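Here the structure is laid out as structure tokens; the discussion comes afterwards.
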Amino acid sequence: MSYALSVLGSVLGLICAQRAREAHGTAQRAWWLMLAAWAIGGTAIWSMHFMAMLGFSVTGAPIRYDIGLTAASALLAIVTVGIGLFIAGMGRSMLAKVIIGGVVAGLGVAAMHYTGMAAMRLNAEVHYDSTRVGLSIAIAVVAAAVALWLATNVKGALALFASALVMGVAVNGMHFTGMYSMSATLHEEQGTLSGATASNLLVPIVLAVILVVIGLVYAVLAAPTADDRAGAEYLQNRMADRLDSVTAQAQAQAPDPHGLAARSGENVPKPGADPQGLASRFQSRR
């Protein structure tokens with residue numbers, strides 16, 4: 001389920017990033033990059049992390065979660081992925097920008113993971129293997145850089161879906177490497193734990209994910225694509241050309257019921273002319 005969530009969020013995030021590349025204007029591009037940050041950071045990474053945590057247990061030690069730290073881990077994922085997307089996606093696409101954005105987003109994702117781990121409350125002493133922690137951080141940075149490169153370069157439905165599958169593997173690889181670095185030693189005395197259980201948090205988180213996904217899908221489907229805009233522009237140009245052609249044809253074929261054009265050329269007296277013969281009649285009378 002965690003892998004499915006990461007793929008779903010990656011697909012939506014890559015679509016939003018593609019719309020950002022096609023956007024006209026900085027404000028529109030920034031809007032699509034923010035939606036991509038929600039999709040990748042919120043769904044593909046953080047929701048995947050929490051879903052995977054439901055599969056984690058320590059024998060003989062019930063687990064509770066600090067709500068404040070859990071929420072902070074979600075914000076870390078969304079904000080840092082958003083910063084990475086803005087670094088890599090605003091302006092011209094450059095490899096250096098992708099690498100810098102990947103480092104920022106990767107460190108943020110690693111911070112999200114270990115903040116989420118720190119939110120756990122259990123009657124045990126938690127230890128981390130430093131080598132495996134370092135490996136998980138390295139995977140997070142590389143995975144984030146790859147994700148940003150895909151977000152700024154991938155085109156086409158098939159390539160986008162294949163990229164989402166790869167991103168899902170990378171995100172889960174980082175998470176479970178980090179989990180592999182953890183070990184727990186039970187306390188001799190079992191005290192009372194504060195915080196919420198995983199089942200208490202599951203319903204609101206699932207509802208939030210569903211609402212975010214519905215909102216992202218609606219935004220993607222409602223917004224016109226580059227092909228839609230090109231088609232609308234083509235129709236407008238054709239209609240304008242047709243209107244100009246009809247106007248020119250109507251002007252060329254306009255009727256002249258009184259023959260004014262011909263008469264104006266035939267009947268206009270020339271300078272010095274005597275159309276009534278007044279000069280000759282005056283002479284005869286004299």
Side-chain angles (χ1 to χ4, degrees), residues 1-16 35-59 61-82 105-106 108-122 126 128 132-133 135-137 139-140 143-144 146-147 161 163-184 193 195-217:
M1 290 183 69
S2 67
Y3 180 73
L5 272 176
S6 63
V7 171
L8 174 62
S10 298
V11 168
L12 292 172
L14 290 174
I15 292 174
C16 292
L35 292 182
W38 274 97
I40 297 175
T43 303
I45 295 176
W46 186 82
S47 298
M48 167 269 147
H49 163 83
F50 188 81
M51 186 61 65
M53 291 304 299
L54 295 180
F56 173 76
S57 63
V58 177
T59 304
I63 299 176
R64 301 288 186 273
Y65 292 91
D66 183 276
I67 296 177
L69 284 177
T70 301
S73 68
L75 288 176
L76 268 174
I78 295 170
V79 171
T80 54
V81 168
V109 169
M112 175 279 300
H113 174 82
Y114 289 105
T115 301
M117 297 296 293
M120 290 193 309
R121 300 288 180 262
L122 68 163
V126 176
Y128 292 96
R132 294 169 185 168
V133 169
L135 180 59
S136 69
I137 295 173
I139 293 174
V146 171
F161 185 70
S163 300
L165 295 177
V166 173
M167 288 174 62
V169 172
V171 171
N172 280 265
M174 178 271 156
H175 174 84
F176 289 107
T177 301
M179 295 302 299
Y180 185 53
S181 69
M182 175 189 171
S183 60
L193 297 174
T197 63
S199 58
N200 295 144
L201 294 175
L202 182 60
V203 173
I205 289 175
V206 168
L207 289 176
V209 169
I210 291 174
L211 290 175
V212 168
V213 169
I214 291 175
L216 291 170
V217 170

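Because the structure is a prediction, the values reported are computed rather than measured.
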What is the distance from atom [atom1] of [X] to atom [atom2] of [Y], rounded to the nearest 0.5 Å?
| X | Y | atom1 | atom2 | value |
| --- | --- | --- | --- | --- |
| Thr70 | Phe50 | OG1 | CZ | 7.0 Å |
| Trp46 | Leu76 | CH2 | CG | 12.0 Å |
| Met179 | His49 | CE | NE2 | 8.0 Å |
| Thr115 | Met112 | OG1 | CE | 8.5 Å |
| Tyr65 | Met117 | OH | CE | 8.0 Å |
| Asp66 | Ser73 | CG | OG | 10.0 Å |

Validation row: [X], [Y] side chains within 4.5 angstrom (heavy atoms):
| X | Y | value |
| --- | --- | --- |
| Met1 | Leu54 | no |
| Phe176 | Ile139 | no |
| Ile210 | Ile214 | yes |
| Arg121 | Leu69 | yes |
| Thr43 | Trp38 | no |
| Met167 | Ile40 | yes |

- Query: Do any N or O atoms from the side chain of Tyr3 and from the backbone of Met48 form a donor-acceptor pair under 3.5 angstrom?
  - Reply: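 Not at all, since once roles are kept as given, no pair shorter than 3.5 Å links the two residues.
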Can you give me the closest heavy-atom contact between [X] and [Y], atom names plus distance?
| X | Y | value |
| --- | --- | --- |
| Ser2 | Asn172 | OG-OD1, 3.1 Å |
| Leu5 | Ser47 | CD1-O, 3.8 Å |
| His175 | Ala52 | NE2-CB, 3.3 Å |
| Ala39 | Leu216 | CB-CD1, 3.6 Å |
| Ala143 | Ala170 | CB-CB, 3.4 Å |
| Ser181 | Arg132 | CB-CB, 3.3 Å |

- May I have the step-by-step check of side-chain contact (heavy atoms from CB on, under 4.5 Å) for Met182 and Val126, ending in yes or no? CA-CA 7 Å; Met182 175 189 171; Val126 176; 3.7 Å; yes
- Task: Answer yes or no: are there more than 12 heavy-atom neighbours, outside Phe56 itself, under 6.0 Å from its atom CZ?
- Result: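 Count over threshold, so yes.
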- Message: If you count heavy atoms of other groups shown closer than 6.0 angstrom to OH of Tyr128, is the number above 12?
- Response: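 For Tyr128, atom OH is crowded (more than 12 foreign heavy atoms under 6.0 Å).
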